[in-house]
Every structure is written in structure tokens, then in C-alpha cells.
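First up is the structure itself, then whatever we jot down about it.
The basis for the numbers below is simple: all heavy atoms, side chains too, and nothing from hydrogens, waters or symmetry mates. When a residue number appears, it is its place in the shown sequence, counting from 1.
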Amino acid sequence: MRRSIGKPSSSFENEIASRLQLTEASILSKTEEPEKFEGRVVFQVIVDEELLNVSQNVHGGCTAMIIDICSTMPIYVLGASTSDHGEFGVSQSLNIVYHSPALLGDKLRVVSTSLALGSRALSSRCEVWNVTRHRLVASAVHIKMVPSEPKVSESAKL
């Protein structure tokens, strides 16, 4: 990501996102409805010290940000493959269930699939798996919306 002035951003989000390794991006027929398609994206990340909380497991906020980033990707991939361009949208709701902790050095696999892409609402699901310990860390449903275009007032046009 870049700032409008063209310099690389050193935001916390970019620092975490730079650790994510894309291992799969695909468009598949939905099992339940073969005439429909879904986007599927898989990332991996190794837990390092910067992701930990004071209890020495991955901070819930870091997990939420990873889910936010990763669960947006299948929406974009499917949209880009079925229309002129993909749409990121803006988050409307992110519902996360935390199942188990992830510790320093653990390898996490983040599997995200699109659920529905409408003209205004976009949705996906996400699971964060601990590959090292064979446990589900978190699961989520992410609802996004396509923002409406701002209306430009007459005075703003001057």
C-alpha cells in the first residue's frame, strides 16, 4: 500500500500484512450450487514476537486484522474474475469466534472463501488454522459494503 504522496507506508497494518504469504488464489464452483462460483484465498504466516500479547499468544486484535485483510481477498479475486474489476468494499461487520491460542513460532494457515457478491453487499468467511498444533484458532464472517458515491454540493464544485 502507498500513501498519496508515493512513499511506502510503514503502518502497523502494512507491517503485519507484509508477513502474510499467499499460497493459493482460486475460483471454484460452489459445492452446494455448481453453477455459482466462489473465490478462495489461502495465506500462511509464522507467529513472531510482534504479534504476541502480554500472555505470549497472538493478540486478538492482530488476529482480527489478519482476518480483515485475508477475508477481503476472495471477494476481490472473484469480483475481478467475473466483472471488469474487483471491489474491496468497506467493512460493515466482522464477527469473530476465537477457538484456541497461537504461540510464538506457530505456523498459521488462513483460509478465506467468498460467500456472496451483490451490487451493494459482499461477504466472506475465514478460518485461521494452527498448522503446528492442528487446531482452529479463529473463525469469522466478514460483511462488506460498496460505499455510495459522495454527493458533491454546488459550493464544492466551485
*So, the side chain of S91 versus the backbone of K144: is there a donor-acceptor pair under 3.5 Å, distance only?*
no
*Does V131 share a hydrophobic cluster with V137, counting links as ILVMFWY side-chain heavy atoms below 4.5 Å and allowing steps through other members?*
no
*Measure the shortest side-chain to side-chain distance between H142 and D68 over non-hydrogen atoms and say whether it is less than 4.5 angstrom.*
yes
_Inter- and intrachain pairs under salt bridge (Lys or Arg N to Asp or Glu O under 4.0 Å), touching residues 90-111, at least two apart_ = D106-R133
*With the side chain counted from C-beta on, respond yes when R125 and S139 share a heavy-atom pair under 4.5 Å apart, and no when they do not.*
no
*OG1 of T132 to CG of L103: how many Å apart, nearest 0.5 Å?*
9.0 Å
Residues 37-46, side-chain donor-acceptor partners within the protein, below 3.5 Å, at least two apart:
{"residue": "R40", "atom": "NE", "partner": "E24", "partner atom": "OE1", "Å": "3.3"}
{"residue": "R40", "atom": "NE", "partner": "E24", "partner atom": "OE2", "Å": "2.9"}

_Reported OG1-to-CD1 distance for the pair T72 and I67, which is rounded to 0.5 angstrom_ = 11.0 Å
*How far does CD1 of I75 sit from OG of S112, to the nearest 0.5 angstrom?*
9.0 Å
*L115, V146: one ILVMFWY side-chain cluster at the under-4.5 Å cut-off?*
no
*For E33, look at atom CD and say whether over 12 heavy atoms of other residues, nucleotides or ligands are found less than 6.0 Å away.*
yes
*Between atom CG of L108 and atom SG of C70, what is the distance when rounded to the nearest 0.5 Å?*
10.0 Å
*Closest heavy-atom pair and its distance - P74, S114*: CB-N, 3.6 Å
_Heavy-atom closest contact (C62 atom, E50 atom, distance)_ = SG-O, 4.4 Å
*How far does CG of L117 sit from OG of S124, to the nearest 0.5 angstrom?*
9.0 Å
*With sequence neighbours excluded, give me every salt bridge (Lys or Arg N to Asp or Glu O under 4.0 Å) pair touching residues 69-80.*
none
*Atom OG1 of T63 and atom NE2 of H99: how far apart are they, to the nearest 0.5 Å?*
11.0 Å
*Is the side chain of N53 donor-acceptor paired with the backbone N or O of N57 at a distance under 3.5 Å, no angle test?*
yes
*asked:* Quick check: closest heavy atoms across E49 and L104, and the distance to 0.1 Å?
replied: N-CD1, 3.6 Å
*Check the hydrophobic clustering (I, L, V, M, F, W, Y; side-chain heavy atoms under 4.5 Å; chains of links allowed) and say if M65 and W129 are grouped together.*
no
*Can you find a side-chain donor-acceptor pair between S29 and K36 that sits under 3.5 Å?*
no
*Group every Ile, Leu, Val, Met, Phe, Trp and Tyr by side-chain heavy-atom contacts under 4.5 Å, then state whether V141 and I66 land in the same group.*
no
*Same cluster for I16 and M73 if Ile/Leu/Val/Met/Phe/Trp/Tyr side chains link at under 4.5 Å?*
yes
_Closest approach of A64 to Y98 (non-hydrogen atoms, all atoms of both residues)_ = CB-OH, 3.9 Å
_Between I143 and L122, is there a side-chain heavy-atom distance shorter than 4.5 Å?_
no
